[in-house]
There are 2 protein chains.
Amino acid sequence: MDTLTVEQIAERIWLSIADRRLRPGTRLKEAELAEVFGVSRARIRQVLATLEREGLVVIESNKGAVVAKPSVADAKDIFHIRAAVEQRVLERLFTELDATKLVEMFEHVAKERIANHNNNQRDIIKLSGGFHVMLAEMAEAEFLCGLMRDLVSRTSLIMAAFRDTNLHNCGPDEHEQILLHLKNRDLEAAKQAMVHHLEHVESALNLLQDRAPPKSLREALA
Amino acid sequence: MDTLTVEQIAERIWLSIADRRLRPGTRLKEAELAEVFGVSRARIRQVLATLEREGLVVIESNKGAVVAKPSVADAKDIFHIRAAVEQRVLERLFTELDATKLVEMFEHVAKERIANHNNNQRDIIKLSGGFHVMLAEMAEAEFLCGLMRDLVSRTSLIMAAFRDTNLHNCGPDEHEQILLHLKNRDLEAAKQAMVHHLEHVESALNLLQDRAPPKSLREALA
DNA sequence: GGCCTCAATATTGTTGACAATATAGTCGAC
DNA sequence: GTCGACTATATTGTCAACAATATTGAGGCC
């Protein structure tokens, strides 16, 4: 077996955070991770830096990395900004779209459907996030693409932290709906469907009270 | 002298890119930078990774880092998203504002004014970007804060790439105008002033033709 | 002369050992 | 017994040597 790349390890950790096997606050020791993944500490260091920029972990100097605990305020900000980015992506995509891309996109949704049917949580997470990244990639907008990756990662963390049910109930139907509007060349309808989709995801969260960011024991026990 | 930190070196390089001493496409060799700043290559590597995430450099595997060449499309996307983020920041700031913060903010603008008067390009760049980051910090919204840092960096690069004049003519007046609206507790006016400010900055750019991303010599000489 | 191969060089990527720092536990004074 | 200082341990941070890869230039063949 070849050694794992930074991206592969980052994805594995991302998925573990997203499906709640790594809870917010969990300490991520470099040596431990290095052993688990069979790579050197230097590479783990790169991985942790990557995860930090994606907002999945917080690194404190001389202290190490822990899984981030997003605040409710952050969660709301992220959804707010994400709505703006997704709409911008759709606008760009609208001018870059062709038949080949459309086919590929519908195929992606088909995969989502299969994963949903098999109830494979990891695939569901990977594919439903991947849908949005794919839109950005096909829009051929480099900046939006990178931003979307970050936002999707952060959204995964938020869902892990604030979702009550384990079910990832936002199925592929809403994704397909967006594609159908694009196929019909109706940009406004696509944007509206996207906004609705994001609102649906957000509404599945329990963002009423701020149970997330104790940050310190003092706050947690106040 | 103590050795420079990653942040300090990253800022130095950022400023050099922003005031066009480092042009887009310039190769950044690790050994060279290590010698210039008197630090080990390992630290330079961290710096380059930081700059990459901020969109200032592009790193290709086994090839090294070069100063990024933003495309016109990216530039427009960045301004578009930035407008959304800045407005969100103002909304959050509006609820967190107090007299102390207001004083500090006006003091910042005063520093901008001095830098402008002295025509100190580096200070002008640092302070006028810093104004927007400061707003995000005072809004106490962690996610928006990180995002704003990235957007400010990317905007600096865009201005270096697309601005025709050397003059950083968007003076502190527009910043002050935003603060005055905040002081008057008029959120909508503040947001409008911010949008106007960003449009002003963008309008100083030459985004008509895509002269930016040759990407390869072949394209540049076509 | 044009083109391919191959060696020489320059540059990035990786590793393991070592230093610096923080954490946890222990001992002693009071 | 409680508090504080101190030691031992665990963990992160740094570095310099080495390996892998890409670039450049020279030589030879057609």
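Every chain is numbered from 1, with letters handed out A, B, ... down the list of sequences. No hydrogens, no waters, no symmetry mates; every other heavy atom, side chains included, goes into these values.
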Distance-only donor-acceptor check, side chains [X] and [Y], under 3.5 Å:
{"X": "B:S153", "Y": "B:R53", "value": "no"}
{"X": "A:R43", "Y": "A:T3", "value": "yes"}
{"X": "A:H175", "Y": "A:H108", "value": "no"}

Would you say B:R45 places a side-chain N or O within less than 4.0 Å of OP1 or OP2 belonging to C:dT12?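 No, outside the criterion.
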
So, is A:S40 close to the C:dT15 phosphate, meaning a side-chain N or O under 4.0 Å from OP1 or OP2? yes

How many Å lie between [atom1] on [X] and [atom2] on [N], as a whole number?
{"X": "A:E7", "N": "C:dG13", "atom1": "CD", "atom2": "C1'", "result": "14 Å"}
{"X": "A:E32", "N": "D:dT11", "atom1": "CD", "atom2": "P", "result": "8 Å"}
{"X": "B:L33", "N": "C:dA10", "atom1": "CG", "atom2": "C1'", "result": "15 Å"}
{"X": "A:I59", "N": "C:dT21", "atom1": "CD1", "atom2": "P", "result": "19 Å"}
{"X": "B:R41", "N": "C:dT11", "atom1": "CZ", "atom2": "P", "result": "11 Å"}
{"X": "A:I44", "N": "C:dG16", "atom1": "CD1", "atom2": "P", "result": "13 Å"}
{"X": "B:E60", "N": "C:dT11", "atom1": "CD", "atom2": "P", "result": "17 Å"}

Nearest-0.5 Å distance, CG of residue A:L33 to CG of residue A:L48: 6.0 Å

What's the closest nucleotide to the [X] side chain, out of [options]?
{"X": "B:K29", "options": "C:dT11, D:dG13, D:dT11", "answer": "C:dT11"}
{"X": "B:N62", "options": "D:dG13, C:dG13, C:dT15", "answer": "C:dG13"}
{"X": "B:E30", "options": "D:dC15, D:dT12, C:dG13", "answer": "C:dG13"}
{"X": "B:Q46", "options": "C:dA22, C:dG13, D:dT14", "answer": "D:dT14"}
{"X": "B:K63", "options": "C:dT12, D:dA22, D:dG13", "answer": "D:dA22"}

Is any side-chain N or O of A:R43 under 3.5 Å from a base N or O of C:dG13, one able to act as donor and the other as acceptor?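 Result: no qualifying N/O pair found.
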
Categorize B:L28 for me: base, sugar-phosphate, or nothing, with a 4.0 angstrom heavy-atom threshold over every strand shown. sugar-phosphate

On DNA chain D, compare the nucleotides closest to B:V39 and A:R27; which residue's is nearer the 5' end? A:R27

Regarding A:R45 and A:E30, does a basic nitrogen lie under 4.0 Å from an acidic carboxylate oxygen?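 Yes.
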
